[in-house]
There are 2 protein chains.
Amino acid sequence: MEERTTIKALAKASGVSVGTVSRALNGYTDVRPETRERIMRLARELDYTPAAAARSLVTQRSHIIGVFMETGEGHPDLQHPFFHEVLGGLKQQVGSGGFDLLLFASERPGNGYGPHSYLKRARHHSVDGCALIGLEPDDPEVRRLARADIPLVAIDMDLDGPAVEVVMSDNEGGAAQAVGHLHALGHRRIATITGMLDSRPGADRLRGYRAAVQAAGLAYRDDYVVYGDFYAESGREACERLLALAEPPTAIFAASDLMAIGAIRAAAEVGLRVPEDLSIIGFDDIQLSPHVNPPLTTMRQDKLGLGGAAGEALIARVAGDADRSPLRTLPVELIVRGSTAPPA
Amino acid sequence: MEERTTIKALAKASGVSVGTVSRALNGYTDVRPETRERIMRLARELDYTPAAAARSLVTQRSHIIGVFMETGEGHPDLQHPFFHEVLGGLKQQVGSGGFDLLLFASERPGNGYGPHSYLKRARHHSVDGCALIGLEPDDPEVRRLARADIPLVAIDMDLDGPAVEVVMSDNEGGAAQAVGHLHALGHRRIATITGMLDSRPGADRLRGYRAAVQAAGLAYRDDYVVYGDFYAESGREACERLLALAEPPTAIFAASDLMAIGAIRAAAEVGLRVPEDLSIIGFDDIQLSPHVNPPLTTMRQDKLGLGGAAGEALIARVAGDADRSPLRTLPVELIVRGSTAPPA
DNA sequence: TTGTATGCGTTATCAT
DNA sequence: ATGATAACGCATACAA
């Protein structure tokens, strides 16, 4: 039973008061150098570690960023690889700023009474700010959280509130660029497999597709727009439908890499070769994309950058910087690999 | 500036003392029913949320499980998809037990003095327990943490200490089963691409391979054992080397799906078809495995189950249950898909 | 330069 | 059944 060293014990050992110890440790100037040194030395020897709880109680700062992370219906959370990479960037950024991440898991905070509530969970742990990943912006509880005065950053979702900032990729521009790539290769029959359209990225990528198709002077065909849900299986089904068309497309823009990979498989199953018979471009550039067969051409999202931007925004707002643009859009990049080629 | 409702404000509103409020909320029996109801109602109206910091200060329980998660050298953390799925299972399990997860990000906890230290970070936040994912068991700081009396669960790594429990898959048995599957299909020239051998799973899977090869009466050939690091690129390179052999294998057991996928690609690049010309089996069953081309035959690890078992262990030990087996091994399952077939 | 005292929001131990 | 009151570990305003 090793007792935790408290500031009181450290004070006794140093022969000074707890107040002095606190000031010495926190870098106040009005402490005699030799006193400080003695205290610091003893702190090291006794392996003193301040209690975050006690400190946050008095300073009203927890140095903790909360994370609400879920993905849609039917998909247990933490599933989409995209979110994890974003989380990695967030972790790195807030870590360098001296913050840790609290991944909310329990739905019954505190005394366990009352309904499920994001705001309550955030308040309970006195987080200094929160990152919102994969939440439903229309959820009343999300809106309630957004109305509070706690710094918030929403990733890939629309949200507004007194202290919320939104971070997302240039989904519309990226989608247009993807279609442009296909068009430049010579494709004229270009279809798309959409993501969930009630999500901002899903809607934006479809919008980008539309804009690019029209800009290219191609006819916009309803049957070239098939709905998916960002996951692989939906990409496969959508591609099957597309290939069954009387006049099937020669190229497909899938709104996610996962769906693109599903589409490649669907093509293989009917004996079509990618990219010789069918070009497929994805969106995300997940880690596996360079390694699938064929290597996937895709629009790369700067996932670490997204998380980093979120962390940066949070840190700035926690520090009191309130005049910040409520929206930060990160550029995407065309990565040409082996799944696209000129039409046969 | 909405003021946070404190227990004091709630007491004043209810016309009772804070002590009574606390007892009412915490379900003590010695509170008059009508008093309790009034308090509960007001708590709801004022949207009262207890402060975790204050509570943990007095109860010595934070209801927080810390998570140290990193992956090896050169690979920025949070990269391997396997770990994320484990994290998902952990999150779910501890959440249902009323705990939240603290993802350690900052390397300078507290006053920022002193060296990097896992133990210090854990103590600083008074976590009730910790999950260790992807750490180096030989790291002196890890050992120091393990010696402490705080409940620990190590995932996929060897570690011992007064309160540490280890959770991992049956890597050795699974590897043997994978090789057995290949052998049963008729393969006799079976090679392996290993993971990092300084990791417990990497070493165990190689051991399982060896055991199965010998059990099958096949000759153990050094040139059929190529070293990888679990990631895709290493699988690709290893497979290239294998295929360049004078007598190349007809089947490969890759110690991870990522490497198996890299291997498939290497085969494709030299014009070999999988599984017709070369069978490949992986290990993990990551989310993409069913969707790659061809769908990957693999040994499925119960990733959610791993995380869940870790969470369960942590919760039990935090509750004081100390007589628990220090090791929990979860079974793996052969998933036959399209990347293995009888030799030509 | 240092010590003392107060308070942060709770729970827990006494009384009553 | 309820109310004071003392912790919990720390930071800080005020004295000295």
Side-chain angles (χ1 to χ4, degrees), chain A residues 3-40 43 46-64 109-113 120 123-128, chain B residues 3-40 43 46-64 109-113 120 123-128:
Chain A
E3 289 298 321
R4 251 179 123 288
T5 313
T6 83
I7 198 175
K8 198 183 297 181
L10 184 51
K12 190 173 301 178
S14 317
V16 295
S17 73
V18 295
T20 302
V21 171
S22 177
R23 281 175 303 225
L25 259 28
N26 290 351
Y28 281 56
T29 54
D30 55 354
V31 158
R32 190 155 28 126
E34 44 205 34
T35 308
R36 151 171 297 122
E37 268 185 63
R38 181 160 35 95
I39 294 176
M40 302 274 288
L46 299 182
D47 199 39
Y48 167 71
T49 312
R55 170 181 294 177
S56 87
L57 208 52
V58 38
T59 62
Q60 305 286 27
R61 286 238 154 300
S62 62
H63 282 270
I64 289 183
N111 303 73
Y113 49 86
K120 223 157 175 155
R123 286 238 179 89
H124 179 228
H125 283 293
S126 310
V127 295
D128 291 339
Chain B
E3 289 298 321
R4 250 178 126 291
T5 314
T6 81
I7 199 174
K8 200 182 297 181
L10 184 49
K12 191 173 301 178
S14 317
V16 295
S17 73
V18 295
T20 303
V21 172
S22 176
R23 280 174 304 220
L25 259 29
N26 289 351
Y28 281 56
T29 54
D30 56 353
V31 154
R32 187 150 38 117
E34 43 204 36
T35 308
R36 151 172 296 124
E37 268 184 61
R38 182 160 35 93
I39 294 177
M40 301 273 287
L46 300 182
D47 199 41
Y48 168 70
T49 311
R55 170 181 294 176
S56 87
L57 206 51
V58 39
T59 62
Q60 306 285 30
R61 286 238 154 299
S62 62
H63 281 269
I64 290 183
N111 304 69
Y113 48 83
K120 221 157 178 155
R123 286 237 178 90
H124 180 226
H125 284 291
S126 311
V127 295
D128 291 340

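Note on naming: letters A, B, ... go to the chains in the order of the sequence lines (proteins, then strands), and numbering restarts at 1 for each one.
Distance NE2 (B/H63) to P (C/dT10): 15 Å, rounded to an integer number of Å. Between the CG atom of A/D30 and the C1' atom of D/dT12 there is a distance of 11 Å, given to the nearest Å. Note: CZ (B/R61) to C1' (C/dT10) measures 16 Å, nearest angstrom. In this structure, the CZ atom of A/R36 is 13 Å from the C1' atom of C/dT2, given to the nearest Å. Between B/Y28 atom OH and C/dT11 atom P there is a gap of 8 Å when expressed in whole angstrom units.
The two residues A/S62 and A/S126 come nearest to each other via the heavy atoms OG-O, 2.7 Å. When all heavy atoms are compared, the tightest approach of A/V31 to A/A24 is CG2-N, 4.0 Å. Across all non-hydrogen atoms, the minimal contact from B/V18 to B/K8 is CG1-CA, 3.8 Å.
With rounding to the nearest 0.5 angstrom, the OG atom of B/S17 is 6.0 Å from the CZ atom of B/R23. One finds the CD1 atom of A/I39 at 11.0 Å from the CD atom of A/E37 (value rounded to the nearest 0.5 Å).
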Protein-nucleic acid N or O pairs under 3.5 Å, nucleotides 4-9 of chain D:
unit_1, atom_1, unit_2, atom_2, d
D/dG9, N2, A/A54, O, 3.2

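Taking the C1' atoms of five terminal pairs at each end of the helix from C/dT1-D/dA16 to C/dT16-D/dA1, the two resulting helix axes are inclined by 50°, rounded to 10°.
The residue A/S56 sits apart from the nucleic acid: no heavy atom pair falls under 4.0 Å.
The salt bridge (Lys or Arg N to Asp or Glu O under 4.0 Å) test applied to B/R61 returns B/D128, not counting sequence neighbours.
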